[in-house]
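A note on names: the letters A, B, ... follow the listed sequences, proteins ahead of strands, and every chain is numbered from 1.
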Protein chains: 2
Amino acid sequence: MTAETAPSGYDPSAYPAFAVTVDVVVLTIRDRELQVLLVGRGSAPFKGAFALPGGFVLEDETLEEAAVRELEEETDISAADLPTGALVQLGAYGDPERDPRMRVVTVAYLAVVPSIGPTRPGGDAAHAEVLPVRQVLGRRPKHELAFDHQTILTDAVEHARQELETTSIATAFVGPEFTLAELRAVYEAVWGDQLDPGNFRRKVLSLDGLVTPTGQRQASGPEGGKPAELYAAADGIRPLSERFRRAR
Amino acid sequence: MTAETAPSGYDPSAYPAFAVTVDVVVLTIRDRELQVLLVGRGSAPFKGAFALPGGFVLEDETLEEAAVRELEEETDISAADLPTGALVQLGAYGDPERDPRMRVVTVAYLAVVPSIGPTRPGGDAAHAEVLPVRQVLGRRPKHELAFDHQTILTDAVEHARQELETTSIATAFVGPEFTLAELRAVYEAVWGDQLDPGNFRRKVLSLDGLVTPTGQRQASGPEGGKPAELYAAADGIRPLSERFRRAR
DNA sequence: CCAAAAGTGTTGGGCCTACACCCATGG
DNA sequence: CCATGGGTGTAGGCCCAACACTTTTGG
């Protein structure tokens, strides 16, 4: 009774033991579309289904360190490539039934990256793929993600949509230098709507510390057009001075 | 190696065992001020310090069920009193050093209630008190909350401020019937600024499904004044149709 | 010169702030 | 009748969506 009412004064041998894992939702823009990194499961349960990359939290690492480690183990993304704030916690998922074998509480993270290079299938992950979020979330029940990862992905996308409005997270989707058209494509992909290029430009430039001009210009594409100015993101992902309003 | 890369295919005896707890930040408005329920710790570590109410997650309950149970064990609040959405998860806190005795991952919840009646000190909680958030967060390091609860409380308040803008959570701070002045006092207490009564009224009434008029009027207070109209909240805490903007 | 994309100007409308003002009550 | 708070009216300003227009490139 005592042991159940406070995380203190308990007998260390009397608490229920849980496994704690992290799962990482790695989002990127590919082909002007929001896409997510998934691993195909090579063993039961959910053998053959896709799942989010993830794994156990080790004894002496923080939850965030575990998420970074999983990311580094399965992709070519290193911690140094992740600006502060490009990896955020989504929350804990701990339904007793979420893993049929045992009680596992997982802590989900959202990672936003400009691109996903070669992946390293690790552990029981047979292979890794980058798939459009729209396609994955539109699946019929029998083809859903393993465990409760469908729910986690849904929450992650909602979180990303929200953060676009309040933080500079959009810059984590693009490289170190980018055009405003590229940045606009991020908002359009994540929000799923079209933005006016002129109004977008004014809005972005009016927000303190979202982007800074580099003075450089990018060569025009194959279709011609005026060369775009290049911009760089501010260091780290920070709250915006003012909300970037999503159109209704 | 295999066991570390995915929450599957592992040997159940090979994973690191963690203790998992829930901690609940119970916020309410008292004396026109945002206040939080804290328990005084009766045993080491942090004996004598205040902490958030919380405790172990049991083998067969969800994280949210554990949070509700803790709430019911230490206060007179029952699950039935909590509208859907008045209890939300804040996230997981799992720094290896957060509990000096062992590895504990805690999942923090935010509960918003109209009032906190008599409390039941349980377990090693010597006593419970409701204290102003401003006072608790303003404390010097030596008088801070136990564990990382200072951080959790800070995050909870920030979360609540945010949710006032985007959801109908404000109605969870007041009783089933309330005047717009009472509701306005919630926003003022949580945001820490003054709102224009007239503009507040128009804004609240313009938002779909935030409040519905009961047709009743409340008797005037001791100071006189026009009797206020009474309103009821919509069922459950829901996202607002439009953002309730916080003044800068 | 034409198409295409970047970037700038402009305008009308909606919302919001800051008040002034009226209403209904207790003392 | 006065103080107090509830509730309504309204004018000015800011922001923004929409869209026309200019600029600069490739072909």
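- For a distance-only test at 3.5 Å, the side chain of A:R202 qualifies as a donor-acceptor partner of the base of C:dG9.
- With a 4.5 Å cut-off on side-chain heavy atoms, B:Y231 and B:L180 count as touching.
- Rounded to an integer number of Å, the gap from CD of A:E188 to C1' of C:dA5 is 14 Å.
- Rounded to a whole Å, the CZ atom of B:F178 is 16 Å from the C1' atom of D:dG6.
- Annotation: side chain to side chain contact (heavy atoms under 4.5 Å, CB included) contacts of A:Q89 (sequence neighbours excluded): A:L63, A:V107, A:Y109, B:A92.
- Note: CD (A:Q194) to P (D:dC16) measures 20 Å, nearest angstrom.
- Looking at which nucleotide of DNA chain D each of B:G225 and A:K203 is closest to, the 5′-most match is held by B:G225.
- Considering only side-chain atoms of B:E223, the nucleotide from C:dG7, D:dG5, C:dC19 that sits closest is D:dG5.
- Within 4.0 Å (heavy atoms only), A:R184 reaches sugar-phosphate atoms of the nucleic acid but no base atom.
- Contact annotation: B:R201 reaches the phosphate of D:dT8 (side-chain N/O to OP1 or OP2, under 4.0 Å).
- In the displayed structure, A:R134 atom CZ is contacted under 6.0 Å by at most 12 heavy atoms of other residues, nucleotides or ligands.
- Rounding to whole angstrom units, CD of residue B:E182 and P of D:dG5 are separated by 14 Å.
- Looking at heavy-atom distances under 4.0 Å, B:P222 makes contact with sugar-phosphate atoms alone, never a base.
- Atom CG of A:N199 is separated from atom C1' of C:dT10 by 11 Å (rounded to the nearest Å).
- Of the two residues contacting DNA chain C, namely A:D196 and B:S220, the nearest-nucleotide position lying further toward the 5' end is that of A:D196.
- The only option from A:V36, A:V133, A:L110, A:I152 that meets the side-chain contact (heavy atoms from CB on, under 4.5 Å) definition with A:V157 turns out to be A:V133.
- If you find the closest nucleotide of DNA chain D to A:R217 and to A:G198, the one lying nearer the 5' end belongs to A:G198.
- Atom CG in B:L195 sits roughly 9 Å away from atom P in C:dT17 (whole-Å rounding).
- Here A:A219 lies out of heavy-atom contact (under 4.0 Å) with every strand.
- Listed nucleotides D:dG6, D:dT8, D:dT25 differ in distance to A:P227; the shortest reach to its side chain belongs to D:dT25.
- Residue-to-nucleotide proximity on DNA chain C shows that, of B:K226 and A:T179, the 5′-proximal contact is made by A:T179.
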- Message: Would B:T62 and A:D95 count as a side chain to side chain donor-acceptor pair (under 3.5 Å) here? Give the steps.
- Response: CA-CA 5 Å; B:T62 66; A:D95 193 276; 5.7 Å; no

